[in-house]
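Down below is the structure, laid out as structure tokens.
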Amino acid sequence: MPELPEVETVVRSVEPRVRGKLIRSVVTSASRVFGGQQTEIEREAPGQRIHAVTRIGKNILFQLDRQQLRVHLGMTGRLLFSEAVMTHPRARLLLEGDTGEGADGDGALQMIYDDARQFGRFQLVTGEVESLGLGPDALSITAQAFQAIVQRHRGSIKNLLMNQKLLSGMGNIYTDEALYQAKIHPLTPGVLVPTQKLQALHAAMIALLREAIQQGGSSISDYMDACGNKGSYQEQHQAYGRTGLPCPGCGTLITRIVVAQRGTHFCPQCQRLPRGLGKSPLAKSL
DNA sequence: ATTACTACCTGACAGC
DNA sequence: TGCTGTCAGGTAGTAA
């Protein structure tokens with residue numbers, strides 16, 4: 001479900017409500033999202049205070065006294081403060097209520113981790129963030145670092161952009177959109193993307209991630225932030241999900257192929273494979 | 001050391 | 001109303 005802009009939106013909606021608060025209790029229901037840590041989380045998290053909520057790539061990190069609580073939303077994970085919209089609650093955190101002036105101590109806050117497909121992760125992490133093995137965050141990577149990563153790899157540019165170990169935060173939607181804007185065919189090997197187009201891709205990627213954050217992310221089906229707000233960036237998509245519709249640039253119909261087992265949307269006119277690759281095995285799925 | 005493919009889950013939707 | 005097949009924003013693990 002959520003890629004960098006959606007995760008950032010969630011962080012921004014969650015952070016002000018939980019920062020500084022003490023975790024009173026955690027109740028979980030059996031699920032693969034805990035990776036076998038179910039009882040450990042219920043035992044360790046209560047009594048710890050949430051000092052900050054940060055993000056790296058698609059990971060949300062709650063900075064606690066002794067550990068970090070890592071939340072990865074997978075495809076359908078959500079952090080919610082209301083039971084009204086939840087469908088598959090996996091964990092409930094009871095936080096202390098408002099401690100400000102006038103608080104009566106009875107305003108406990110409940111934060112729910114809800115995840116239908118259980119592709120997410122809800123885990124306690126001890127030690128440094130580096131242990132997650134994530135590449136640099138897509139929103140802040142420099143053009144130089146980006147170029148170095150892409151030019152070192154022979155795999156398809158689409159695969160590469162979505163590989164969280166190389167670059168963290170990009171998912172299927174924003175990868176298709178960034179490649180569309182930079183006019184790069186998704187099957188182009190990274191090493192064959194011209195330097196000039198790489199700069200365009202880097203600029204397009206960051207610009208569209210920023211714009212999507214401004215608009216609260218893309219809500220394709222059930223994505224929402226912790227307050228139940230949906231994003232609106234899906235209205236700006238030019239390639240993703242537009243199979244059979246005209247390319248906004250040239251009018252050619254947007255084509256859907258499968259790359260890395262993911263539906264991939266692009267304009268066959270604007271996004272051409274480099275010469276000589278037309279008959280390569282890489283392009284056989286065309 | 002890459003790269004490619006499957007498996008993991010549930011739900012929505014289209015077509016019969 | 002089912003039933004079946006396809007698709008879905010993600011990643012871990014395994015096999016070439």
Side-chain angles (χ1 to χ4, degrees), chain A residues 1-10 29-37 55-60 70-79 85-90 113-123 131-135 138 149-178 186-192 208-209 212-213 215-225 230-237 239-244 256-265 280-285:
Chain A
M1 177 216 304
E3 305 179 29
L4 190 153
E6 291 75 35
V7 177
E8 177 66 22
T9 301
V10 170
S29 53
S31 167
R32 67 194 303 276
V33 303
F34 302 111
Q37 278 193 339
R55 175 192 67 72
I56 175 160
K58 304 172 193 171
N59 293 264
I60 301 167
R70 171 201 178 204
V71 179
H72 190 297
L73 301 173
M75 296 274 260
T76 50
R78 302 187 290 187
L79 285 173
V85 289
M86 72 181 190
T87 57
H88 298 74
R90 307 297 177 185
Y113 178 64
D114 186 271
D115 188 351
R117 289 173 72 181
Q118 305 175 169
F119 285 179
R121 287 289 179 277
F122 196 94
Q123 298 176 312
S131 64
L132 294 175
L134 295 167
I149 289 170
V150 175
Q151 294 187 331
R152 222 184 301 132
H153 290 268
R154 262 160 291 141
S156 73
I157 184 71
K158 164 131 185 178
N159 231 317
L160 198 156
L161 290 177
M162 296 209 303
N163 184 340
Q164 305 299 300
K165 289 181 180 137
L166 301 177
L167 177 72
S168 57
M170 293 291 280
N172 206 31
I173 294 177
Y174 296 100
T175 296
D176 280 5
E177 291 297 309
L187 284 172
T188 311
V191 71
L192 294 187
L208 77 90
L209 289 175
I213 290 170
Q215 299 195 28
S218 302
S219 289
I220 300 295
S221 62
D222 56 1
Y223 163 76
M224 62 180 69
D225 71 13
K230 298 213 163 200
S232 62
Y233 193 71
Q234 66 279 5
E235 293 159 23
Q236 312 299 321
H237 294 173
Y240 181 83
R242 298 193 65 252
T243 310
R256 179 185 185 277
I257 61 174
V258 174
V259 181
Q261 282 69 244
R262 313 301 300 276
T264 298
H265 315 73
S280 80
L282 203 59
K284 67 176 183 290
S285 52

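All chains are named by letter (A, B, ...) in the order of the sequence lines, taking the proteins before the strands, and each is independently numbered beginning at 1. The figures here come from the full heavy-atom set of this structure, side chains too, leaving out hydrogens, waters and symmetry mates. Worth saying up front: this structure is predicted, and the values here are computed from it rather than measured.
- Each of B:dT6, C:dT11, B:dC9 was ranked by its minimum atom distance to the side chain of A:K58; first place goes to C:dT11.
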Do A:T9 and A:D225 pass the side-chain hydrogen bond (donor to acceptor under 3.5 Å, both in side chains) test, and can you show the C-alpha distance, the side-chain angles, and the key distance before you say yes or no? CA-CA 6 Å; A:T9 301; A:D225 71 13; over 6 Å; no

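- Rounded to whole angstrom, the span from the CZ atom of A:R121 across to the P atom of B:dC9 amounts to 10 Å.
- Both thresholds, 5.5 Å between centres and 30° between ring planes, are met by A:F119 relative to the base of B:dC8, so the two rings are stacked.
- Taking 4.0 angstrom as the limit, A:H88 places a side-chain polar atom (N or O) nearer than this to OP1 or OP2 of B:dG11.
- With sequence neighbours left out, A:K158 forms a salt bridge (charged side-chain N to carboxylate O under 4.0 Å, His left out) with A:D176.
- In the set C:dC7, B:dC5, C:dG9, the nucleotide with an atom closest to the side chain of A:E3 is C:dG9.
- When the P atom of C:dG9 is taken as reference, atom CD of A:E177 falls 13 Å away, rounded to whole Å.
- Scanning for ring pair (Phe, Tyr, Trp, His ring centres under 6.0 Å) contacts around A:H237 gives A:Y233, A:Y240, with sequence neighbours left out.
- Under the 3.5 Å distance criterion, the side-chain polar atoms of A:Y223 are matched with a main-chain donor or acceptor of A:E6.
- A heavy atom lying under 4.0 Å from DNA chain B marks none of the residues of residues 164-172 of chain A.
- Here the P atom of nucleotide C:dG9 and the CD atom of A:Q215 are 20 Å apart, to the nearest Å.
- Remark: A:Q164 pairs with A:K58, A:L134, A:S168 by the side-chain contact (heavy atoms from CB on, under 4.5 Å) rule, at least two apart or across chains.
- Checked against salt bridge (charged side-chain N to carboxylate O under 4.0 Å, His left out), A:R55 has the following partners two or more places apart in sequence or in another chain: A:E8, A:D137.
- Between A:H72 and the phosphate of C:dT11, there is a side-chain N or O to OP1/OP2 separation shorter than 4.0 Å.
- The side chain of A:I220 has C:dG9 as its nearest neighbour among C:dA12, C:dG9, C:dA8.
- Remark: P of C:dA16 and CZ of A:R154 are 20 Å apart, rounded to the nearest angstrom.
- Among B:dC9, C:dA8, B:dG11, the nucleotide with an atom closest to any side-chain atom of A:R32 is B:dC9.
- Look at CG on A:D115: it is 12 Å from C1' on B:dC8, rounded to the nearest Å.
- The side-chain contact (heavy atoms from CB on, under 4.5 Å) test with A:R78 is passed by exactly one of A:V10, A:D114, A:L73: A:D114.
- Of the side-chain N and O atoms in A:R262, one or more sit less than 4.0 angstrom from OP1 or OP2 of C:dG9.
- Considering only side-chain N and O atoms, A:N159 lies nowhere under 4.0 angstrom from the phosphate OP1 or OP2 of B:dT3.
- The distance from atom CG of A:L161 to atom P of C:dT11 is 13 Å, rounded to the nearest whole Å.
- Taking only side-chain nitrogens and oxygens, A:Y240 comes nearer than 4.0 Å to OP1 or OP2 of C:dG9.
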Both distances under 3.5 Å, Watson-Crick or G-U wobble: on that basis, could you give the dot-bracket string for DNA chain C, with [ ] for crossing pairs and | for other-strand partners? .|||||||.|||||||

